[in-house]
Amino acid sequence: MAIKWICLLIVLATVCVDTLLGDDGSRSENEATSSGRLLVEKKILNKYLVEGKDIIVNYNLFNIGESSAIDIRIDDASLPEEHFQVVSGLPRFTIPRLAGGQNMTHTVVFRPKLGVWGRFNFTSSEITYLPREEAKERQYGVTSEPGEGYIVSLKEFDRRFSPHIMDWIAFSVMSMPSLLIPFYLWFRSKSKYDAILAAKQTSKKLH
């Protein structure tokens, strides 16, 4: 009898433990499902990257979770101040809240300083946030990476894409003598011939 009671107590204890673990597991799963989850895309909008000209960087945030993401902090240290000037926006910014299923965009305009050109690796930015209101531990992540780009020197860009108005004006001025001198000689010869022809016609009428 003692052995039977001991076995029964072990079975009951096992069932209780399984029930408790099942509750905790489902609770953890529900919390994970209802937590805010952020996906952040870092994207460069320029077709050409040029020394001394603006580079537009977009940060697109998507909350694919059910709960609001709280105290979202993004830090972009991939464009150092010694090479890039911030024209508008903030490379380090905070968003108080982003509701579940919502998205938003933050834009920063950078400008490569004069003398900064060549290949440059545009890496990801860091992001931290609280996944729900009562959360105490911050979630850490990174944005997507735009990848490697080539910053063209201003001189090379102007050579390829500028309308070259001054070049065309200079070419026109230099071409004028070769056009005007033959025209002047032709016009002078034509005027003499017209004068001779007019004199002959006048003499015929008089006779």
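A distance of 10.5 Å separates CG in Asn60 from OG1 in Thr143, rounded to the nearest 0.5 Å. The distance from the OG1 atom of Thr94 to the CD1 atom of Ile74 is 9.0 Å, given to the nearest 0.5 Å. We find the CZ-CD1 distance between Arg97 and Ile95 to be 13.0 Å, quoted to the nearest 0.5 Å.
Considering all non-hydrogen atoms of both residues, Ser124 and Ser78 come closest at O-CB, 4.3 Å. When all heavy atoms of Pro131 and Ser67 are compared, the pair lying nearest together is O-CB, 4.0 Å. Across every non-hydrogen atom of Phe122 and Pro146, the tightest pair is O-CD, 3.3 Å. Among all heavy-atom pairs drawn from Tyr59 and Ser125, the shortest one is CE2-OG, 3.9 Å. The shortest heavy-atom contact between Tyr140 and Thr128 is CD1-CG2, 3.8 Å. Nearest heavy atoms, Pro80 versus Phe120: CD-CZ, 4.2 Å.
The closest donor-acceptor contact from the side chain of Gln139 to the backbone of Leu130 lies at 3.5 Å or more, if one exists at all. Distance alone, capped at 3.5 Å, is enough to place a donor-acceptor pair between the Asn46 side chain and the Ile56 backbone. Proximity of a side-chain donor or acceptor of Asn63 to a complementary backbone N or O of Leu98 within less than 3.5 Å is detected.
Note on Met104: it clusters hydrophobically with Val57, by side-chain heavy-atom contacts below 4.5 Å among ILVMFWY residues. Leu45 and Ile151 sit in two unconnected hydrophobic clusters of ILVMFWY residues. Membership requires side-chain heavy atoms under 4.5 Å apart, directly or through other members. Residues Tyr48 and Leu79 share a single hydrophobic cluster, defined by chaining ILVMFWY side chains whose heavy atoms lie under 4.5 Å apart. In terms of hydrophobic clustering, with Ile, Leu, Val, Met, Phe, Trp and Tyr side chains grouped at heavy-atom distances under 4.5 Å, Phe93 and Ile72 are assigned to a common cluster. Note: the hydrophobic cluster containing Phe84 also contains Leu49 (ILVMFWY, side chain heavy atoms under 4.5 Å, direct or indirect links).
For the pair Arg138 and Asp71, the salt-bridge criterion is met [side-chain N within less than 4.0 Å of a carboxylate O]. Glu134 and Arg132 are joined by a salt bridge, as a carboxylate oxygen and a charged side-chain nitrogen come within less than 4.0 angstrom of each other.
Side-chain N/O atoms of Thr123 and Asn121 include no donor and acceptor closer than 3.5 Å. No side-chain donor from either of Ser144 and Lys43 sits under 3.5 Å from a side-chain acceptor of the other.
With sequence neighbours left out, the side-chain hydrogen bond (donor to acceptor under 3.5 Å, both in side chains) criterion links Asp75 to Arg92.
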Below 3.5 Å, can you tabulate the donor-acceptor pairs from side chains in residues 106-119 to any protein atom, sequence neighbours excluded?
| unit_1 | atom_1 | unit_2 | atom_2 | d |
| --- | --- | --- | --- | --- |
| His106 | NE2 | Leu90 | O | 3.1 |
| Thr107 | OG1 | Asn58 | OD1 | 2.7 |
| Arg111 | NE | Asp54 | OD1 | 2.7 |
| Arg111 | NH2 | Asp54 | OD1 | 2.8 |
| Lys113 | NZ | Glu81 | O | 2.8 |

